[in-house]
Amino acid sequence: MEAILLVGGQGTRLRPLTISTPKPLLPTAGVAFLAHQLARAHAVGVERIVFATSYRAEMFEAAFGAHAHGVDLAYVSEDEPLGTGGAIRNAARSLTCGPDEPVLILNGDILSGHDVRAQVALHEKANAAVTLHLTRVEDPSRFGSVPTDADGRVTAFLEKTSHPVTDQINAGCYVFRRSAIDTIPEDEVVSVERETFPALIASGAVVMGHVESEYWLDVGTPEAFVQGSRDLVLGRLASPAMPGPPGPRLVLAGAVVSPGAVVRDGTTVGRNAVVEAGATVLGSVLLDDAFVAEGATVRDSVLSRGARVGPGAVLDGVILGDGAVVGPGNELRDGLRMWPGIELPPTAVRFSTDT
């Protein structure tokens with residue numbers, strides 16, 4: 001089976017992490033996020049993947065080459081962003097399968113544990129044009145909802161509403177019949193959610209919903225990115241690409257974690273990073289060469305490459321860009337983001353009084 005992997009977005013919600021690195025290449029539980037998707041795709045029978053790239057397109061081939069994690073790879077770039085449908089149509093030029101073969105479409109920012117083989121089996125049994133993975137969520141009003149009939153056939157794509165008709169939402173993994181991709185206009189900006197899928201349903205084509213609520217996460221926000229990495233380290237979602245066994249922390253080669261430090265709750269400590277004695281790091285992502293000094297506390301945060309946290313500083317839900325420096329005694333919270341290279345003097349920012 002062949003697949004198309006949509007990795008063209010700029011990842012603006014994850015800045016400053018994505019200023020220098022596309023979102024799908026961000027280190028997640030010790031490896032590039034896409035490594036988890038490639039390994040999982042190989043495990044379910046995908047033999048060849050076409051990358052649909054745009055933002056920093058050259059970095060993807062540099063990262064993975066022509067073959068990685070058991071899968072042959074090809075790369076197709078968009079000169080201008082074409083939307084989800086346009087990107088799929090553009091990348092399809094590099095597919096080699098026949099018109100009736102299934103093509104798996106993956107989004108480059110989704111972590112999912114659903115049964116892809118079962119989704120493909122439903123697609124083939126129903127002779128569908130498209131089969132979507134649908135997941136159930138507690139608050140579907142935050143998403144567009146996708147109702148299905150008693151046979152699992154999708155009946156509509158509904159916009160966000162305070163009174164959704166179903167708790168089923170589009171989970172972003174599709175199986176297309178190859179010929180259905182060819183119905184998408186070439187070289188045009190097209191949304192599969194707003195244009196392609198509704199048009200197929202209106203034409204009478206069979207669009208199926210594979211409803212399954214296993215682990216699913218859109219890692220497009222800093223909070224979700226941290227959660228995804230943490231869940232992989234803790235083993236809440238299995239990945240063949242993990243560089244170590246599941247456990248309370250993942251410490252990569254060359255990292256130094258003092259015996260007097262507390263590092264747990266799914267934290268990743270990147271290559272050559274340092275955590276000094278008396279420091280506490282909980283549920284966080286420390287990229288290569290990051291540094292956490294004695295007495296500092298880092299919780300639910302990301303320290304990009306070479307970022308440094310001084311003695312006694314507190315970070316809770318914070319993103320530090322490459323080379324950012326937090327001086328001693330600072331207290332940073334609640335989604336604060338520091339851009340690359342910024343240096344914060346000692347005790348410059350606090351949320352509580354000094355004692």
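- Between G220 and L14, the closest heavy-atom pair is O-CG, 3.5 Å.
- Atom OG of S112 and atom NE2 of H36 lie 14.0 Å apart (nearest 0.5 Å).
- R89 places no side-chain N or O within donor-acceptor distance of the main-chain N or O of P185, the cut-off being under 3.5 Å.
- Separation of atoms CE (M338) and OG (S304) is listed at 11.0 Å; rounding is to 0.5 Å.
- With a 4.5 Å cut-off on side-chain heavy atoms, V309 and F291 do not count as touching.
- Applying the ring pair (Phe, Tyr, Trp, His ring centres under 6.0 Å) criterion to F51, with sequence neighbours excluded, gives Y75.
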Determine, step by step, whether L82 and V190 satisfy the side-chain contact (heavy atoms from CB on, under 4.5 Å) criterion, reporting the C-alpha distance in whole Å, the side-chain angles of both residues, the deciding distance to 0.1 Å, and the verdict. CA-CA 6 Å; L82 295 172; V190 180; over 6 Å; no

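- Atom CZ of R194 sits in a sparse spot, with 12 or fewer heavy atoms from other residues, nucleotides or ligands closer than 6.0 Å.
- For the residue pair E193/T84, the side-chain donor-acceptor check at 3.5 Å is satisfied.
- Here the side chain of Q119 pairs a donor or acceptor atom with the backbone of C173 at under 3.5 angstrom.
- Rounded to the nearest 0.5 angstrom, L217 CG and Q227 CD are separated by 5.0 Å.
- You'll find the side chain of P222 reaches within 4.5 Å of the side chain of R337, heavy atoms only.
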Using atom types as modelled, flag every donor-acceptor pair under 3.5 Å from a side chain in residues 62-71 to any protein atom, sequence neighbours excluded.
{"residue": "H67", "atom": "ND1", "partner": "V71", "partner atom": "O", "Å": "3.3"}
{"residue": "H67", "atom": "ND1", "partner": "D72", "partner atom": "OD1", "Å": "2.7"}

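- Under a hydrophobic clustering in which Ile, Leu, Val, Met, Phe, Trp and Tyr are joined whenever their side-chain heavy atoms come within less than 4.5 Å, directly or via other members, I49 and L95 fall into different clusters.
- Look at D300 and R230 and you find a salt bridge, because one of the NZ, NE, NH1 or NH2 atoms lies within 4.0 Å of a carboxylate O, short of that distance.
- Of all heavy-atom pairs between A57 and S77, the closest is CB-OG, 3.6 Å.
- Across all non-hydrogen atoms, the minimal contact from G30 to P243 is CA-CG, 4.2 Å.
- In summary, the side chains of E331 and S352 do present a donor paired with an acceptor at a separation below 3.5 Å, with no hydrogens or angles considered.
- The pair E2-R48 meets the salt-bridge criterion, with a side-chain N (NZ, NE, NH1 or NH2) lying under 4.0 Å from an Asp/Glu carboxylate O.
- Between the side chain of N330 and the main chain of V349, a donor-acceptor pair closer than 3.5 Å is present.
- Using cut-offs of 30° and 60° on the angle between ring planes, the pair H210 and H114 is tilted.
- Note that the CG atom of L25 and the OH atom of Y55 stand 10.5 Å from one another [nearest 0.5 Å].
- Here the closest non-hydrogen pair linking F33 and K23 is CB-O, 4.3 Å.
- Side chain of T21 to main chain of L26: no donor-acceptor pair is present (N/O by atom type, distance under 3.5 Å, no hydrogens or angles).
- Between A92 and I181, the shortest heavy-atom distance links the atoms CB-CG2, 3.6 Å.
- Looking at E186 and R93, a side-chain N of the basic residue comes within less than 4.0 Å of a carboxylate O on the acidic one, giving a salt bridge.
- If you take OG on S145 and CG on N170, they are separated by 11.0 Å, rounding to the nearest 0.5 Å.
- Closest approach of I4 to I88, counting heavy atoms only: CD1-O, 3.7 Å.
- In this structure a side-chain-to-backbone donor-acceptor pair under 3.5 Å is present from S229 to A29.
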For D289 and R305, what are the C-alpha separation, side-chain angles and deciding distance, and is it a salt bridge (Lys or Arg N to Asp or Glu O under 4.0 Å)? CA-CA 6 Å; D289 301 307; R305 289 176 289 268; over 6 Å; no

